[in-house]
Amino acid sequence: MVDGRHPNCNFLLEVEKDEAECIRRLREEEATNSHKEPGCKGTWDNIACWEASDFGETVTIPCPRVLKTVFGRNGNISRNCTSAGWSDVFPNITSVCGADTSQDKLVFYMVVQMLYTLGHSLSLIALTTGSVIISLFRKLHCTRNYIHLNLFFSFILRAVAVLVKDNIIFNRNSQCSNQPSLVGCKASLVFFQYFIMANFFWLLVEGLYLHTLLVVIFSENRHFIVYMFIGWGIPTVFVSAWVITRIYLEDTGCWERNDNPIPNWVINGPIGFSILVNFIQFICIIRILIQKLRCPDMGGNDQSQYRRLAKSTLLLIPLFGIHYVVFVSSSESIAEDYKIFFDLALGSFQGLVVAILYCFLNSEVQGELKRRWRSVCLNCRLGKKRHLNNNFPKRNGYEHVAVQFHRKSRTQSILQSETIVM
């Protein structure tokens, strides 16, 4: 079984170990010094251990072990022993031993987290709606839309994985059990990595399919099983390899840290390859479209077909991760904040944009929705007319029973006149 603890639980358990060690040392100190002298008693302040001291002394200790382990900073903190007791810790323990992050940086990270949570939530709603629409209408069932549907599913699963992962890792209210392992935390990271990679590979499949359509003159590619293997099978292979490298090379915490570069490259290598291939396909598709549109022998119907494909291609291909290529060539120190903002904040809206382009703005989808809406409205009107027609014979039948001098021919003429009026 995969070993490890939830990050918050791991931190709290380490703090509990330090507390127990501190209490043991203070008790031994009290037992050794039987004669009591005036001063401050040894104490545990929930993060650091302070040994007994005389009045007027200043006690200086290094940063607590748990903070040094998490943040890696080697500083010192102090407290004064006064007649009123221990003073507050100085300098501020967060500034000396905590994360070396300014307030503006914390605000930036909070804004980014709120934006990508909003983006994934909106994308989840739009993609789910688009998937239902494409699945319900049989006239939309074809290889092209099957690929779109799998792309939608990859975006949906990616959004769910991000939201679940954030809820597990950044949940401050989670209860820590006494069990030494929490498989669910690591499992959420495994699914998160798998759905992220699957999403990139389905974007690669979209690029491959569009390129195939242009090269073979819009011939339907029926090798859908190959696309399925690229989209779902290849990520399975690499994520399995990532799990193995994590277990044997960096089985720490909830696998949320990437101190060892090998597991990180097992994931980022294939993703970078898919981005590079899509970028090359983007250039090739632009070149092919320009050649096709400039061809003088192209007929009106073919030209309009290529223009429609050019419009959808040019709107979609930039969403295939072209911005990753830009940031890879940039300096990491300069582009770090921009990369975080584009990858997490704006990238979370990618599923929403894809759903709008491939579903809601698609002329075939709009035509099917309009046709279904007209059919529903027509059925409603026919139902009302049928209901009125059923009521009229009943009313005239009651009149025929009440007024016995009406003849059958007279009744039929009345019914005909009422039908004409309607």
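When reading the values below, keep in mind they use all heavy atoms of this one structure, side chains included, and skip hydrogens, waters and symmetry mates.
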Taking L151 as the fixed residue, which of I156, N199, V205 is the one that meets the side chain to side chain contact (heavy atoms under 4.5 Å, CB included) rule?
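Looking at I156, N199, V205, the match for L151 under the side chain to side chain contact (heavy atoms under 4.5 Å, CB included) is N199.
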Between W242 and W265, is the gap from one ring center to the other below 6.0 Å?
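Not close enough - the centres of the two rings lie 6.0 Å or further apart.
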For a 4.5 angstrom cut-off between non-hydrogen side-chain atoms, does [X] reach [Y]?
X    : Y    : result
V59  : S78  : no
L203 : F155 : yes
I267 : M197 : yes
P235 : F200 : no
R79  : T43  : yes
M228 : W202 : yes
L378 : W373 : no
W255 : I247 : yes

Provide the closest heavy-atom pair for [X] versus [Y] in the form atom of the first, atom of the second, distance.
X    : Y    : value
I93  : L67  : CD1-CD1, 3.9 Å
S121 : L163 : OG-CD1, 4.3 Å
L26  : W50  : CD2-O, 3.9 Å
P64  : I47  : CB-O, 3.3 Å
T236 : S240 : O-OG, 2.7 Å
Q281 : L208 : OE1-CD2, 2.8 Å

Quick one: pull up [atom1] in [X] and [atom2] in [Y] and give me the separation to the nearest 0.5 Å.
X    : Y    : atom1 : atom2 : answer
N264 : L249 : CG    : CG    : 12.5 Å
I134 : C142 : CD1   : SG    : 9.0 Å
F282 : I275 : CZ    : CD1   : 14.5 Å
C49  : I23  : SG    : CD1   : 8.5 Å
Y209 : T143 : OH    : OG1   : 5.5 Å
F229 : F224 : CZ    : CZ    : 14.5 Å

Heavy-atom count check: over 12 atoms from other residues, nucleotides or ligands less than 6.0 Å from [X] [atom1]?
X    : atom1 : value
R371 : CZ    : yes
R138 : CZ    : no
F360 : CZ    : yes
F137 : CZ    : yes
D88  : CG    : no

Walk me through it: do I244 and V266 pass the test side chain to side chain contact (heavy atoms under 4.5 Å, CB included)?
CA-CA 10 Å; I244 294 173; V266 172; over 6 Å; no
[Y] backbone acceptor or donor facing [X] side chain under 3.5 Å:
X    : Y    : result
N150 : Y146 : yes
S131 : F153 : no
E51  : G42  : no
D251 : R246 : no
E368 : K139 : no
N145 : H148 : no
H141 : S135 : yes

Relative to the ring of H120, is the ring of Y116 parallel (under 30°), tilted (30 to 60°) or perpendicular (over 60°)?
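Y116 and H120: perpendicular rings.
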Do N80 and W86 have a side chain donor and acceptor closer than 3.5 Å?
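Absent: no donor and acceptor within the cut-off.
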V190 vs V243, side chain to side chain contact (heavy atoms under 4.5 Å, CB included): CA-CA, chis, key distance, verdict
CA-CA 7 Å; V190 174; V243 172; 3.9 Å; yes
Salt bridge (charged side-chain N to carboxylate O under 4.0 Å, His left out) evaluation trace for R25 with E28
CA-CA 5 Å; R25 283 166 42 200; E28 290 179 355; over 6 Å; no
Which is it for E250 and T245 under the side chain to side chain contact (heavy atoms under 4.5 Å, CB included) test, yes or no, and what are the steps along the way?
CA-CA 7 Å; E250 195 179 7; T245 56; over 6 Å; no
Walk me through whether I61 and I77 qualify under side chain to side chain contact (heavy atoms under 4.5 Å, CB included).
CA-CA 6 Å; I61 62 173; I77 54 176; 3.7 Å; yes
